[in-house]
Each structure stands twice: as structure tokens, then as C-alpha cells.
Amino acid sequence: SIDNYMLRVQSFLASLMLKVKLSKISEDQPGNYKYLTYKEIQQLLASIPATTGNITQIKMYTAIIKVLFTAGLRINELVNITMEDLKQHDNATFLFIIGKGKAHDQKQSIGISKPTAMAINDYLDVRPKTTSNYLFVNTHGQKLTRQAFNKTLKQIAHKCDELHGTNIGNKCTSHIFRHSLARYCLIDKQMPISHVRDILRHKSIETTNKYLQNSDDEINQIRV
């Protein structure tokens, strides 16, 4: 990872008696983030059946993409959801997650939309019988990893490019759905930035504000 490389470089500089502080270049800095439009996400979902003939995989990846986009979850938060973390109360569905930087006993409650809850229920109808307590499992009935999800997501995205003429195959990662939700809420829905900050659980509103700035792709389109 970038952090590991930076630690190695820092150690090397220290061995040379050089005191140089390195700053991580974040992919989330203004102008560097990637996102999908609402239409592209719908096209991505429609491309899943053409990627695999496994009905369980189709329903699982449909549910995952909907959860990531509509609830704004990080992939690490999603893959650690257990069966007990999925709860219903007063006709509403909630996911209890371990948020970024939170302890295991500090789970947060995230309300999800009815269409997303239906997608999860569709997946549960065909979920493999397994001793694993994690909500999302692989074909062997073991916990789904973020690496496995991103690998399959790339395949779905490239299939989407092939079927719908999109150009998302090279930029599609699990984190793109948080970016996409932020842009959708702020730009398409014109929601107050304070509301979007709460949805994404940002500590600072400045983190949310970056999504109001044009990305490199948008600027390049304007120049053309």
C-alpha cells in the first residue's frame, strides 16, 4: 500500500541521517477523486448477470453495490457485517457497522432504503448454507474479502463498458460508490452539505466540501 511504501522510504531516509517528513498523497484530494453517475450505476447493476451465471453471485453483488452506493459504506465496513448486524424495526431496516476508527463495541446504526433492503433479502434467499456468520460470503461460504469484491467489480465494470459503451472499467473500485453518493446528493439532489456530511459520517464538513469541486475528468470535458 502507499502507507507501507512511505514507511520504507522514511526508514531509508532516517538511515541516511536525513530528517524529511513525507506527506501522503490522498486519492481523495479535490480533482483526483472518481465517481459514477446515477445512470452509470444503473448500467453497472444491469451488467452483473452478463458477468456470471451464478444466481447467488448476481444477487450478492447487486445487494453489495446498492448498499455501498445508497448507504455510503466503506468496503471494510461492509465485509465485516454479520447476520446479527442486519436488523428490522418499525418497518425499517438497519445495518450495524464498525465505522472507520471505531472499536468493535462501538457499532453505528445505518438506515437503508427499502429497495436496498429488498436486494439484501433477495440475496439471503439464495445465500449459501455456511457456518460463517458474515452476511456476505464467497462461493466457499467464507467471509467475502475486499480484494475478491474489487476483482469481480472490475470484471462487471469492463462488461458494462462492453455492453453500454461506458468508460468506467479502469476507475471502478469499491470506494467509488461513496464518492458517487456524495456527488449525487450534493449536485443531483441539491441536498444541504451538512446533511451529506452526516450521511457519509465525515468528521469535518471540509471533507464533504471537496465533492462540490470539479474533478479532473469534468475539467477535461469542459476544455474539449
Side-chain angles (χ1 to χ4, degrees), residues 35-49 54-138 141 143-144 146 149 153 156 174-203 205 208 211:
Y35 70 93
L36 303 178
T37 64
Y38 182 80
K39 180 179 179 180
E40 286 173 334
I41 289 176
Q42 299 308 307
Q43 292 171 324
L44 186 70
L45 289 167
S47 302
I48 297 175
N54 186 312
I55 189 64
T56 301
Q57 294 290 293
I58 292 172
K59 293 194 174 184
M60 183 179 73
Y61 282 99
T62 298
I64 290 177
I65 291 174
K66 287 187 175 183
V67 170
L68 290 175
F69 175 62
T70 63
L73 265 59
R74 301 173 179 88
I75 187 61
N76 283 341
E77 295 169 343
L78 181 133
V79 296
N80 285 307
I81 295 173
T82 66
M83 296 294 288
E84 286 76 18
D85 293 330
L86 177 63
K87 299 182 183 297
Q88 290 187 328
H89 180 69
D90 291 338
N91 294 321
T93 304
F94 299 88
L95 293 173
F96 286 79
I97 67 166
I98 303 171
K100 183 179 180 180
K102 300 292 183 180
H104 284 263
D105 59 350
Q106 294 179 311
K107 289 189 176 182
Q108 299 172 272
S109 173
I110 306 293
I112 60 175
S113 66
K114 288 186 177 180
T116 300
M118 289 177 60
I120 293 177
N121 287 331
D122 286 344
Y123 159 66
L124 290 176
D125 288 339
V126 295
R127 179 179 179 270
K129 292 182 180 180
T130 173
T131 57
S132 175
N133 197 37
Y134 288 102
L135 177 60
F136 297 110
V137 295
N138 60 26
K143 175 185 175 182
L144 180 71
R146 66 175 185 174
F149 171 74
L153 177 62
I156 298 170
S174 57
H175 206 66
I176 201 171
F177 298 106
R178 270 179 68 84
H179 300 327
S180 303
L181 176 60
R183 291 286 300 191
Y184 178 72
C185 291
L186 289 168
I187 307 301
D188 295 358
K189 291 297 184 180
Q190 296 287 297
M191 290 176 61
I193 192 170
S194 59
H195 291 183
V196 181
R197 176 197 59 192
D198 293 341
I199 291 172
L200 296 177
R201 294 165 284 124
H202 286 153
K203 291 182 179 180
I205 204 165
T208 316
Y211 295 107

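This is a predicted model, so every value here is computed, not measured.
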If I compare all heavy atoms of [X] with all of [Y], which pair ends up nearest, and what's the gap?
{"X": "K59", "Y": "V126", "value": "CD-CG2, 4.0 Å"}
{"X": "R127", "Y": "L135", "value": "NE-O, 3.0 Å"}
{"X": "T208", "Y": "I193", "value": "CG2-CG1, 3.8 Å"}
{"X": "I199", "Y": "C185", "value": "CD1-SG, 4.4 Å"}
{"X": "N138", "Y": "P128", "value": "O-CG, 4.4 Å"}

Might you confirm whether atom [atom1] of [X] has over 12 heavy atoms from other residues, nucleotides or ligands at distances under 6.0 Å?
{"X": "N91", "atom1": "CG", "result": "no"}
{"X": "F96", "atom1": "CZ", "result": "yes"}
{"X": "M118", "atom1": "CE", "result": "no"}
{"X": "R197", "atom1": "CZ", "result": "yes"}

Worksheet item: How far apart are the C-alpha atoms of R178 and R201, what are their side-chain angles, what is the distance that settles it, and do they pass the side chain to side chain contact (heavy atoms under 4.5 Å, CB included) test?
Response: CA-CA 11 Å; R178 270 179 68 84; R201 294 165 284 124; 3.8 Å; yes

Worksheet item: Do Y123 and F136 pass the ring-ring contact (aromatic ring centres under 6.0 Å, His included) test, and can you show the C-alpha distance, the side-chain angles, and the key distance before you say yes or no?
Response: CA-CA 9 Å; Y123 159 66; F136 297 110; 5.4 Å; yes

Practice prompt. Begin with the C-alpha distance, continue with both residues' side-chain angles, and end with the deciding distance and a verdict on side chain to side chain contact (heavy atoms under 4.5 Å, CB included) for Q43 and L36.
Written response: CA-CA 10 Å; Q43 292 171 324; L36 303 178; over 6 Å; no

Discussion item. Please determine whether side chain to side chain contact (heavy atoms under 4.5 Å, CB included) holds for the pair L153 and I65, giving the CA-CA distance in whole Å, both sets of side-chain angles, and the decisive distance to 0.1 Å.
Written reply: CA-CA 9 Å; L153 177 62; I65 291 174; 4.3 Å; yes

Practice prompt. Evaluate the criterion side chain to side chain contact (heavy atoms under 4.5 Å, CB included) for residue pair L45 and K66; output intermediate values, then yes/no.
Written response: CA-CA 9 Å; L45 289 167; K66 287 187 175 183; 4.0 Å; yes

Practice prompt. Take the angle between the ring planes of Y38 and F69 and call it parallel below 30°, perpendicular above 60°, tilted in between.
Written response: tilted

Item to complete: Check side-chain hydrogen bond (donor to acceptor under 3.5 Å, both in side chains) between K143 and all other residues, then give those that pass, not counting sequence neighbours.
Response: N80

Practice prompt. Could you list the residues that satisfy side-chain hydrogen bond (donor to acceptor under 3.5 Å, both in side chains) with K107, not counting sequence neighbours?
Written response: D85

